[in-house]
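Residue numbers run from 1 in the order of the sequence given. The structure presented is a predicted model; accordingly, all values stated were derived computationally and were not measured.
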Amino acid sequence: MIIEVKDLTVGSFQGAINLVYEDKPANNEVVEVLKAKKVFEGKSGQVFYKTTNELNYEIFVGLGKYEDLERTDLINAVARGIKQAEKLKIDDLSINFIKANGLCTGGVTKSIVQGIKLASYKFDKYKQNQEAYEPKVTIIGGPKEKFDKMREKIAEASNIADGIILARDLVNEPANILYPETLAKRAVEAGKESGFEVEVFDEKQIEELGMKAFLEVGKGSVHKPRLIVMRYIGNANSDERVGLVGKGLTFDTGGYSLKPSASMDTMKSDMGGAAAVIGTMKALAENKVEKNVVAVVAACENAISGGSYKPGDIIGSMAGKSIEVLNTDAEGRLTLVDAVTYIIEKENVDKVVDVATLTGAVLVALGTEITGVVSNDDAFYEELLVAARRTGEKFWRLPNDKCFKKLYKGDFADLKNIGGRNAGTITAGMFIEEFVQDKPWLHLDIAGTSWTDAGNDVTPKGGTGAPVATLYELVVKHQCKHNKK
Ligand code: BES
Ligand code: ZN
Ligand code: ZN
């Protein structure tokens, strides 16, 4: 897909997308007439198109009121325009640059690119008829003195979008195709393509590392577990290393604490955290970001067989703590605590972010658009919020008050893997906190945000690629003073 900037206000393209505010003059006669006739008023979500003399098609997309526009709204509006262009089979398009409240030129450019690239995403490799849509898009009407900056941002945003797309692809891949061994292969391929190192440990090596909790979860499956370690050293002169840990359940049946069918049918997506960290590594490496990051995925499948772990089992962990398994469906935290111990002790990271489709409870609390966060460090959480303002993704922190600790204290072991019905997202997060030692830590529960059933213009049904964009910005961490949103 080609996205460029040109010094034009109009041009001879096959089609033009016009982003229009409800409460700002559009500097476009056609729009003013449409607004006067109340055919198209620039309201948020509105789309209208017409054929013209000079251009084949003109597509108008409403942005709503200037003050109300959030970054996500802009991305969605661009995506809506692209979807309309696809329906009209337009391959050569222009889109008008706009100013947006609280966003700098780079921020607007990145959002436009993200809207274009993600709207064109499809997971149709298993369909007989595939319809790829890869238009050429020219951004026109931008500030000429910033064209170099805009070109830089187009390249950067395009690589971030590719990371998001990789994450979506991995989540959408079914569990008969994507299991620990093949997930590891995909990570190795991504590393080769984009430039990061990938080391894969097999079952025997995982045993040698003492990752007992992780091994228990995977032991009932014919697909053997893999520990996937990805390293990207973008600044060899620095000792700083950020650690990313992604939950990598390639399928979660629930085990003997079996899930009802209706809750099981999307459980190929239980490796959404793994997909997100792999996608983030790709984006960081492609953009040659000057930071050091290690990402770890403890990949396995939670299946039922005579050899599976059972409710009541008492198991060990790499950190030495014993755990009473009271529900085999609370498996994610068991794999994550060993991955967290590994990344701290063997990879020497100084901060840890774990990303996991961990609890149904986060859907009850926050729905499908806000990721739940548990953290032991206020400053690190603030950094996450700053990063999130640069992407439009939404996060909300839940308390890790010590009053919750008694809920997962073990009766017959150090800990138990469930804390009861109440505060399910918090107790799951705090269970992991027991293993982060003294490291600043963020736990992102993406059970609500990494998959969408409904879908929209920018994200079709399936994996969303959340929160790749924010993880990327969290690592990059350069604050643009212009961006307030
Ligand atoms: N993978 C699930 C969580 C999940 C639920 C992800 C819905 C995506 C959508 C996780 O392993 C799980 O089953 N958690 C249990 C924990 C409970 C047994 C304490 C849950 O949320 O029910
Ligand atoms: Zn589960
Ligand atoms: Zn799970």
- Can you tell me how far CG of L93 sits from CD1 of I82, rounded to the nearest 0.5 angstrom? 5.5 Å
- Any residue meeting side-chain hydrogen bond (donor to acceptor under 3.5 Å, both in side chains) with S317, in chain and number order, not counting sequence neighbours: none
- Query: Can you list every pair that meets ring pair (Phe, Tyr, Trp, His ring centres under 6.0 Å) and has a residue in residues 161-193, with sequence neighbours left out?
  - Reply: Y179-H223
- Task: Give every residue pair that meets the ring pair (Phe, Tyr, Trp, His ring centres under 6.0 Å) criterion with at least one member in residues 448-475, sequence neighbours excluded.
- Result: none
- Tell me, do E382 and D378 make a side-chain contact under 4.5 Å, heavy atoms counted? no
- Task: Could I get the full list of side-chain hydrogen bond (donor to acceptor under 3.5 Å, both in side chains) partners for S221, not counting sequence neighbours?
- Result: E301
- Task: Kindly state each residue pair satisfying ring pair (Phe, Tyr, Trp, His ring centres under 6.0 Å) with at least one member in residues 150-171, sequence neighbours excluded.
- Result: none
- Does a side-chain N-to-carboxylate-O contact under 4.0 Å join E189 and K192? no
- Query: Okay, side chain of E393, backbone of T470: is any donor-acceptor separation there less than 3.5 Å?
  - Reply: yes
- Message: Once ring-ring contact (aromatic ring centres under 6.0 Å, His included) is applied, do any residues pair with F196, and if so which ones, sequence neighbours excluded?
- Response: none
- Item | Heavy-atom neighbours of K212 NZ exceed 12 at 6.0 Å | no
- Just by distance, with hydrogens left out, do E473 and T391 show a side-chain donor and acceptor under 3.5 Å apart? no
- With a 4.5 Å heavy-atom cut-off, do I17 and V78 have their side chains touching? no
- Query: Which atom names give the shortest non-hydrogen contact between A274 and G248, and what distance separates them?
  - Reply: CB-CA, 3.9 Å
- Note on the structure: ring pair (Phe, Tyr, Trp, His ring centres under 6.0 Å) pairs touching residues 343-400, sequence neighbours excluded, are none
- Between P399 and I426, which heavy-atom pair has the shortest distance, and what is it? O-CG2, 3.2 Å
- Message: Quick check: closest heavy atoms across I323 and A213, and the distance to 0.1 Å?
- Response: CD1-CB, 4.4 Å
- Task: Using a 4.5 Å cut-off on heavy atoms from C-beta on, say whether the side chain of I177 contacts that of T182.
- Result: no
- Task: Mind checking side-chain hydrogen bond (donor to acceptor under 3.5 Å, both in side chains) for K117 and listing every partner two or more places apart, or none if nothing turns up?
- Result: S158, D162
- Run the numbers on S450 and T357 for side chain to side chain donor-acceptor pair (under 3.5 Å), then give the verdict. CA-CA 7 Å; S450 83; T357 49; 5.7 Å; no
- Task: Could you verify whether a donor N or O on one side chain and an acceptor N or O on the other, from D445 and T359, lie under 3.5 Å apart?
- Result: yes
- Message: Taking side-chain hydrogen bond (donor to acceptor under 3.5 Å, both in side chains) as the cut-off, I'd like each qualifying pair that reaches into residues 225-243, sequence neighbours left out, listed once.
- Response: E197-R231, E199-R231, R231-E347
- Do we see a donor-acceptor contact under 3.5 Å between the side chains of W441 and D377? no
- Under the side-chain hydrogen bond (donor to acceptor under 3.5 Å, both in side chains) rule, collect the residues that match up with K224, sequence neighbours excluded. none
- Query: Going by heavy atoms in the side chains, are R71 and Q114 under 4.5 Å from each other?
  - Reply: no
- Item | Gap between atom CG of L183 and atom CG of L178 - 0.5 Å precision | 5.0 Å
- Item | Side-chain donor or acceptor of T452 paired with backbone N/O of G455 under 3.5 Å | yes
- Enclosure of K405 NZ (heavy-atom neighbours >12, cutoff 6.0 Å): no
- Query: Side chains of I95 and I112: closer than 4.5 Å at any heavy-atom pair?
  - Reply: yes
- Under the salt bridge (Lys or Arg N to Asp or Glu O under 4.0 Å) rule, what do K83 and E86 come out as? Steps first, then yes or no, please. CA-CA 5 Å; K83 283 286 179 214; E86 180 177 7; 3.7 Å; yes
Show every donor-acceptor pair shorter than 3.5 Å between a side-chain atom in residues 137-149 and any protein atom, with sequence neighbours excluded, or say none if there are none.
none

- Item | Under 3.5 Å: donor-acceptor pair, side chain of N400, backbone of S375 | yes
- Looking only at heavy atoms, which two atoms of L444 and L384 are closest? And how far apart? CD2-CD2, 3.9 Å
- Closest approach of V458 and N76, non-hydrogen atoms and distance? CG1-OD1, 3.3 Å
- Would you say I315 and S322 make side-chain contact, with heavy atoms under 4.5 Å? no
- Going through the distances and angles, do E208 and K204 end up as a salt bridge (Lys or Arg N to Asp or Glu O under 4.0 Å)? CA-CA 6 Å; E208 281 160 14; K204 200 163 154 275; 3.5 Å; yes
- Between G255 and N302, the two heavy atoms sitting closest are N-ND2, 3.6 Å
- Determine, for E70 against R389, whether the closest basic-nitrogen to carboxylate-oxygen distance falls under 4.0 angstrom. no
- Query: Pairs in or reaching into residues 166-178: which pass side-chain hydrogen bond (donor to acceptor under 3.5 Å, both in side chains), with residues at least two apart or in two chains?
  - Reply: Y121-D169, Y121-N172, K125-E173, Y126-E173, R168-T459, E173-R186
- Query: Hey, is the main chain of K247 close enough, under 3.5 Å, to the side chain of D354 for a donor-acceptor pair?
  - Reply: no
- Message: Tell me which one of V353, I432, V373, V352 satisfies side chain to side chain contact (heavy atoms under 4.5 Å, CB included) with H443.
- Response: I432
- Query: Is there a donor-acceptor contact under 3.5 Å from the side chain of D270 to the main chain of F251?
  - Reply: no
- Message: Taking side chain to side chain contact (heavy atoms under 4.5 Å, CB included) as the criterion, tell me which of V297, L249, L170 meets it with M271.
- Response: L170
- Task: May I ask you to decide if V289's main-chain N or O and N287's side chain share a donor-acceptor pair within less than 3.5 Å?
- Result: no
- Do Y408 and E434 have a side chain donor and acceptor closer than 3.5 Å? yes
- Message: Keeping R333 on the side-chain end and N417 on the backbone end, is there a donor-acceptor pair under 3.5 Å?
- Response: yes
- Task: Specify whether F431 and F435 have parallel, tilted or perpendicular ring planes, treating 30° as the upper limit for parallel and 60° as the lower limit for perpendicular.
- Result: tilted
- Message: Any non-hydrogen side-chain atom of L358 less than 4.5 Å from a side-chain atom of V362?
- Response: no
- Message: Looking at K6 and E4, is there a salt bridge between them, counting it only when a charged N and a carboxylate O are closer than 4.0 Å?
- Response: yes
- Message: Nearest 0.5 Å, please: how far is CD1 in I418 from CG in D329?
- Response: 10.0 Å
- Item | Side-chain donor/acceptor of E134 to backbone N/O of M1, under 3.5 Å | yes
- May I ask you to decide if E131's main-chain N or O and K122's side chain share a donor-acceptor pair within less than 3.5 Å? yes
- Message: Please check this pair: side chain of S44 against backbone of G64, looking for a donor-acceptor N/O pair closer than 3.5 Å.
- Response: no
- Hey, could you give me the NZ/CG distance between K99 and N101, rounded to the nearest 0.5 Å? 12.5 Å
- Note, L215 side chain near I206 side chain (heavy atom, < 4.5 Å): yes
